[in-house]
4 protein chains.
Amino acid sequence: MDVSVTNAQVTLVQLDNYGPWTVTPEPRREADLQTMQSRLYADLSQFFGTRDGYVFFTRFDNMIAVTNGIDRAAHARLQESLRNRYPVTVSLGIGAGANPADALVDATAHLQAAGSAQDAERREVLAGDPLDDDERTDDDVHIAHFDVNDATGKYTDELDAFSTFVRIEQGYASLMRALHDDHDGLAFFVGGDNVIALVPELARETYEAVIERVREEADMSLKVGVGAGRTATDAGMAAKHALEVCREDATTVEGDVAIRN
Amino acid sequence: MDVSVTNAQVTLVQLDNYGPWTVTPEPRREADLQTMQSRLYADLSQFFGTRDGYVFFTRFDNMIAVTNGIDRAAHARLQESLRNRYPVTVSLGIGAGANPADALVDATAHLQAAGSAQDAERREVLAGDPLDDDERTDDDVHIAHFDVNDATGKYTDELDAFSTFVRIEQGYASLMRALHDDHDGLAFFVGGDNVIALVPELARETYEAVIERVREEADMSLKVGVGAGRTATDAGMAAKHALEVCREDATTVEGDVAIRN
Amino acid sequence: MDVSVTNAQVTLVQLDNYGPWTVTPEPRREADLQTMQSRLYADLSQFFGTRDGYVFFTRFDNMIAVTNGIDRAAHARLQESLRNRYPVTVSLGIGAGANPADALVDATAHLQAAGSAQDAERREVLAGDPLDDDERTDDDVHIAHFDVNDATGKYTDELDAFSTFVRIEQGYASLMRALHDDHDGLAFFVGGDNVIALVPELARETYEAVIERVREEADMSLKVGVGAGRTATDAGMAAKHALEVCREDATTVEGDVAIRN
Amino acid sequence: MDVSVTNAQVTLVQLDNYGPWTVTPEPRREADLQTMQSRLYADLSQFFGTRDGYVFFTRFDNMIAVTNGIDRAAHARLQESLRNRYPVTVSLGIGAGANPADALVDATAHLQAAGSAQDAERREVLAGDPLDDDERTDDDVHIAHFDVNDATGKYTDELDAFSTFVRIEQGYASLMRALHDDHDGLAFFVGGDNVIALVPELARETYEAVIERVREEADMSLKVGVGAGRTATDAGMAAKHALEVCREDATTVEGDVAIRN
Ligand SMILES: Nc1nc2c(ncn2[C@@H]2O[C@H](COP(=O)(O)OP(=O)(O)OP(=O)(O)O)[C@@H](O)[C@H]2O)c(=O)[nH]1
Ligand SMILES: Nc1nc2c(ncn2[C@@H]2O[C@H](COP(=O)(O)OP(=O)(O)OP(=O)(O)O)[C@@H](O)[C@H]2O)c(=O)[nH]1
Ligand SMILES: Nc1nc2c(ncn2[C@@H]2O[C@H](COP(=O)(O)OP(=O)(O)OP(=O)(O)O)[C@@H](O)[C@H]2O)c(=O)[nH]1
Ligand SMILES: Nc1nc2c(ncn2[C@@H]2O[C@H](COP(=O)(O)OP(=O)(O)OP(=O)(O)O)[C@@H](O)[C@H]2O)c(=O)[nH]1
Ligand SMILES: [Ca+2]
Ligand SMILES: [Ca+2]
Ligand SMILES: [Ca+2]
Ligand SMILES: [Ca+2]
């Protein structure tokens with residue numbers, strides 16, 4: 001069985017009433033929406049990232065952040081900063097839980113309780129509570145960084161760009177489901193051939209089984225580096241270093257995995 | 001049979017030797033990479049978008065643009081602008097074809113012929129040729145804008161944020177494959193519950209069948225607006241307006257579809 | 001006498017009703033305003049700059065651009081792009097004239113005729129006319145790029161940072177007045193120790209006299225490269241190359257200066 | 001006499017070896033430099049600003065920040081974030097002092113001691129020490145926010161845009177010198193008709209005399225709001241609110257001024 005000692009704090013970032021805005025008074029040019037969405041995401045990544053958090057673009061109108069160590073005041077300051085610089089505003093739901101999936105259920109519930117994502121009256125909700133400092137430990141956050149073996153040689157330099165993309169997406173879909181359905185992990189595509197997952201503590205055998213499943217379902221060969229830490233950055237950097245060990249030693253799973261007993 | 005009269009010009013944007021850069025001299029913080037990637041994508045979207053093109057983030061290290069009407073000099077100017085402002089450079093492959101998939105095969109081939117994506121010597125390639133002005137017509141570009149029916153009520157306000165995301169991704173995966181495998185179309189997730197596809201001219205029945213397939217495979221209900229035009233913006237705005245007609249009239253397919261005979 | 005054959009097209013970019021916005025409902029944080037203003041300026045610089053124009057930050061709520069070759073449709077597209085991504089909108093006045101100062105008087109007059117800069121009803125004005133294509137010639141734009149000799153050795157590495165700044169500002173103030181009052185030129189500080197001026201065609205002796213005046217008034221030693229071209233970029237790059245000649249040959253004035261007779 | 005109880009912490013941000021970079025291998029397009037500089041400044045403003053600091057663009061290659069409460073680790077994180085996203089790097093000198101001018105002398109000295117601003121070997125210096133937490137008090141930072149009376153009616157709507165700019169610059173030059181030469185204050189133009197100054201504690205009569213001097217030297221009528229606080233944001237927001245009191249009551253000096261005795 002998976003041993004779950006993690007304590008992830010997750011923030012759901014939701015653009016307020018964004019759908020109607022995109023078509024009022026008439027449809028806005030897609031390129032402008034894309035520019036605006038990616039700038040806003042970049043600002044979130046700079047904000048959370050320099051506070052040792054991570055944020056994933058997810059659907060762009062709903063983004064998911066790992067925010068261990070980031071308090072309510074910082075969340076409020078972020079809302080203000082965006083309101084002063086963008087034509088849209090954001091609501092923030094903060095959640096915590098014994099595993100990442102539960103933490104996000106909690107974060108989502110706070111926003112849903114405050115009203116619909118497309119309720120014109122619901123604006124800049126800030127709901128849910130960050131972890132107390134004395135609840136926090138040095139391995140609250142577990143990050144698994146997955147990477148495709150030789151993506152350049154097998155896909156990018158071989159197939160046309162869309163076929164490569166389809167392959168990567170299929171691998172990602174398989175991995176995302178394997179981690180979410182069976183292990184309460186949240187996996188995010190971060191570009192290139194990389195997937196970063198917020199996970200509970202998992203055993204080496206679990207990672208091996210997940211990687212095997214992706215090989216079967218999507219015919220894709222992965223390696224993974226796993227890190228644990230007090231914050232997303234600590235865990236994520238440890239995961240990246242573990243991934244480099246995979247690269248050097250041609251191994252498949254490295255880093256902070258649970259010992260099965 | 002599908003009648004294919006489109007004449008898409010597609011540009012593949014590829015970061016040069018990006019994988020090695022991300023881990024030299026040691027792994028760079030993911031949040032910084034995310035910020036950099038999304039800023040660079042935003043700049044591309046602003047650049048192409050204000051020249052009536054579209055660009056999709058795809059894998060972020062490989063991005064796909066629809067560039068009808070954008071000449072070689074503009075492509076070169078873009079490379080220079082990025083080189084002067086980012087720590088990375090980009091190669092550009094320009095392709096054209098009787099359908100979007102072929103155009104991208106062509107664009108990709110130009111870059112692959114110049115060397116590997118992770119060849120340290122291959123930098124700022126600019127290869128392939130834009131369409132001649134006298135080859136261009138007023139319906140060279142066909143865009144289909146797909147949108148999930150009542151995503152807010154059925155998913156965003158109901159499920160936790162990751163479960164919604166999984167559902168949207170599954171719908172997208174199904175749609176992407178249906179269009180690519182059978183109709184030479186290139187479909188891109190653009191955020192929220194929206195997918196924009198560069199397509200050949202397709203019949204109403206084809207769209208209905210594609211939407212039916214997504215319903216079966218992914219249990220997701222879609223509508224689509226289709227537009228044709230001289231540029232991506234012309235086609236894309238027409239598609240958005242057609243989608244609004246779907247919304248108003250509760251229909252499933254609207255816009256510039258081929259008449260079957 | 002100065003021979004004036006230039007034909008500058010100038011655009012005044014004015015944020016609409018910006019003062020009241022900065023204090024509604026109460027004063028907004030200055031750092032957010034600074035971030036927003038500089039991002040907006042960067043977008044303008046990217047937009048005009050990749051169309052061979054130049055834009056100067058000036059007062060940030062009023063910015064001045066050299067827009068030879070940029071038509072009305074591009075100006076309108078810029079307004080739309082900003083409206084879709086910022087919480088503020090811009091009005092644009094386009095002017096032309098036999099010299100830069102007159103061109104800007106014309107550009108300003110178009111906006112003033114449409115209402116006050118702080119009139120809540122006046123939004124997104126687009127007034128004035130770009131030059132006709134057949135009026136344009138290959139030396140419509142003259143740019144003079146001024147640079148302080150050995151600013152690093154004499155100021156940056158010697159004085160404290162504010163004292164250096166004060167010295168640079170004084171040199172700039174003197175230069176700005178010399179060019180504006182006597183030669184209808186518009187000089188803009190662009191960072192570091194650099195001033196870029198939009199000028200009519202001026203004689204070598206005029207530049208020497210201007211530089212002498214700055215030496216007397218502000219005890220600062222300048223060099224200048226001058227370029228002429230069809231667009232701001234053409235003229236500006238020629239000016240930069242001329243400045244490099246000054247650097248290599250230890251001269252004071254190089255480039256496209258008028259021959260006196 | 002001025003009573004000086006402030007305790008400003010100031011950071012000098014200096015681009016490393018930037019001059020040579022701008023012309024290597026040949027001069028880079030000015031619009032790209034402007035875009036890059038203003039994006040970098042925006043990132044600094046977002047970074048310091050959401051940590052209750054202020055940063056001023058000054059010369060863009062040398063920027064001055066008020067950083068009370070921001071520690072060394074945050075400064076180092078900023079350097080890393082910029083290195084990962086820009087083609088240039090920054091050195092940071094941190095200084096403190098009994099008045100703003102002295103603090104900046106200290107900050108500058110740290111960088112100058114490490115080498116020339118245009119020494120190719122000197123990169124990413126981080127020198128000087130933040131204030132100890134137990135040295136800090138609730139009125140360490142004093143900010144004076146100056147604003148021109150009716151700039152819209154008297155200048156923007158009346159004169160051409162460059163003449164307005166010349167007037168504003170002259171007012172700023174006079175104010176900058178008055179505060180620096182006689183009161184050890186650092187005044188920065190922040191756009192529009194606004195100047196924000198980092199000052200020691202000054203008496204009401206001092207502000208009145210400074211404003212009178214600007215009226216005489218530059219024929220410009222100012223008001224000022226003054227705030228004190230633990231951080232730049234605290235002091236700056238108090239100053240903005242005081243300025244609103246000036247606006248409402250048609251007064252000239254409001255806020256945290258020293259009582260003369
Ligand atoms: N976001 C992100 N993307 C990365 C990172 N490392 C690599 N990539 C991306 O992954 C792509 C492929 O790079 P690599 O994984 O180094 O190349 P590969 O050919 O798969 O080689 P191996 O993984 O070493 O077998 C790059 O273009 C990047 O887009 C990372 O740390 N973060
Ligand atoms: N990129 C992009 N995203 C859009 C656009 N329109 C809507 N969205 C996104 O789609 C999400 C859902 O909005 P809607 O499609 O309006 O809402 P819905 O609940 O599905 O309602 P119906 O589509 O009207 O049934 C929004 O949050 C946006 O993220 C668009 O034109 N472009
Ligand atoms: N905006 C802009 N700034 C520049 C340019 N060239 C130099 N600078 C700035 O000017 C500063 C000083 O650089 P230089 O002019 O090369 O140095 P210097 O010490 O004055 O040396 P010389 O001019 O060669 O005597 C740099 O830090 C830059 O900020 C340019 O083309 N554009
Ligand atoms: N950076 C910055 N600029 C501001 C601020 N407030 C106003 N401005 C600028 O100042 C310009 C003039 O605005 P106001 O000062 O409100 O207008 P005014 O006509 O001078 O009127 P009064 O000051 O009320 O007499 C605006 O366009 C803005 O650029 C501020 O808090 N910060
Ligand atoms: Ca890989
Ligand atoms: Ca929808
Ligand atoms: Ca110089
Ligand atoms: Ca004012």
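A note on names: the letters A, B, ... follow the listed sequences, proteins ahead of strands, and every chain is numbered from 1.
Interface residue C:T164: only side-chain heavy atoms are found under 4.5 Å from chain D. Neither the backbone nor the side chain of D:F48 comes within contact range of chain C, judged by heavy atoms closer than 4.5 Å. Looking at C:Y54, the atoms closer than 4.5 Å to chain D (heavy atoms on both sides) all sit in the side chain, from C-beta outward. Only the side chain of C:E169 has a heavy atom closer than 4.5 Å to any heavy atom of chain D. For D:F56, no part lies near chain C; criterion is any non-hydrogen pair under 4.5 Å. In this structure, chain C has no heavy atom under 4.5 Å from any part of D:T22. Proximity to chain C (any heavy atom under 4.5 Å) is shown, for D:A173, by neither the backbone nor the side chain. Using a 4.5 Å cut-off between heavy atoms, D:L44 does not touch chain C at all. Heavy-atom distances place both the backbone and the side chain of C:E30 under 4.5 Å from chain D. Heavy atoms of C:E158 lying under 4.5 Å from chain D belong exclusively to its backbone. Residue contact with chain C, scored on non-hydrogen atoms closer than 4.5 Å, involves the backbone of D:L159 exclusively. Using a 4.5 Å cut-off between heavy atoms, C:Q46 touches chain D through backbone and side chain atoms alike. In this structure, chain D has a heavy atom under 4.5 Å from the side chain of C:I64, while its backbone stays farther away. Residue C:T58 touches chain D through both its backbone and its side chain, counting heavy-atom pairs closer than 4.5 Å. For D:Q37, the part lying under 4.5 angstrom from a heavy atom of chain C is the side chain only.
C:P27 and D:M237 get closest at one heavy-atom pair: O-CE, 3.3 Å. Contact record, C:A42 with D:S38: CB-OG, 3.3 Å, taken as the closest heavy-atom pair. Contact record, C:V190 with D:Q34: O-NE2, 2.9 Å, taken as the closest heavy-atom pair. Scanning all heavy atoms of the two residues, the minimum distance from C:A31 to D:G53 falls at CB-O, 4.4 Å.
In terms of heavy-atom pairs under 4.5 Å with chain D, the best-connected choice from C:F60, C:F189, C:F165 is C:F165. Between chain D and the options C:D147, C:T152, C:I196, the largest number of non-hydrogen pairs under 4.5 Å is found for C:T152. Chain C forms the most heavy-atom pairs under 4.5 Å with one residue out of D:A187, D:A151, D:G49, and that residue is D:A187. In terms of non-hydrogen atom pairs under 4.5 Å with chain D, the most contact-rich of C:N62, C:D160, C:N194 is C:D160.
Between the side chain of D:K240 and the backbone N or O of C:R28, at least one donor-acceptor pair lies under 3.5 Å. C:D61 contributes no side-chain N or O that, together with a main-chain N or O of D:G191, makes up a donor-acceptor pair within less than 3.5 Å.
Judged as a side-chain contact (heavy atoms from CB on, under 4.5 Å), and not counting sequence neighbours, the contacts of D:T231 are D:D52, D:R136, D:T233, D:D234. Considering only residues two or more places apart in sequence or on other chains, D:D150 meets the side-chain hydrogen bond (donor to acceptor under 3.5 Å, both in side chains) condition with none of them.
Contacts between residues 106-116 of chain D and chain C, defined by a heavy-atom separation under 4.5 Å, are made by D:T108, D:Q112, D:S116. By a heavy-atom distance cut of under 4.5 Å, C:L12, C:Q14 are the residues of residues 10-20 of chain C near chain D, going up by number.
A donor and an acceptor atom, one from each side chain of C:T156 and D:R59, are located under 3.5 Å apart. At a cut-off of 3.5 Å, with distance as the only test, a side-chain donor of D:S45 or C:T35 sits close to an acceptor on the other residue.
Taking 4.5 Å as the limit, some side-chain heavy atom of D:R39 sits within range of a side-chain heavy atom of C:D43. Counting heavy atoms from C-beta on, the side chains of D:E26 and C:E244 never come closer than 4.5 Å.
Note that CZ of D:F162 is 9.5 Å distant from CG of C:L198, once rounded to the nearest 0.5 Å.
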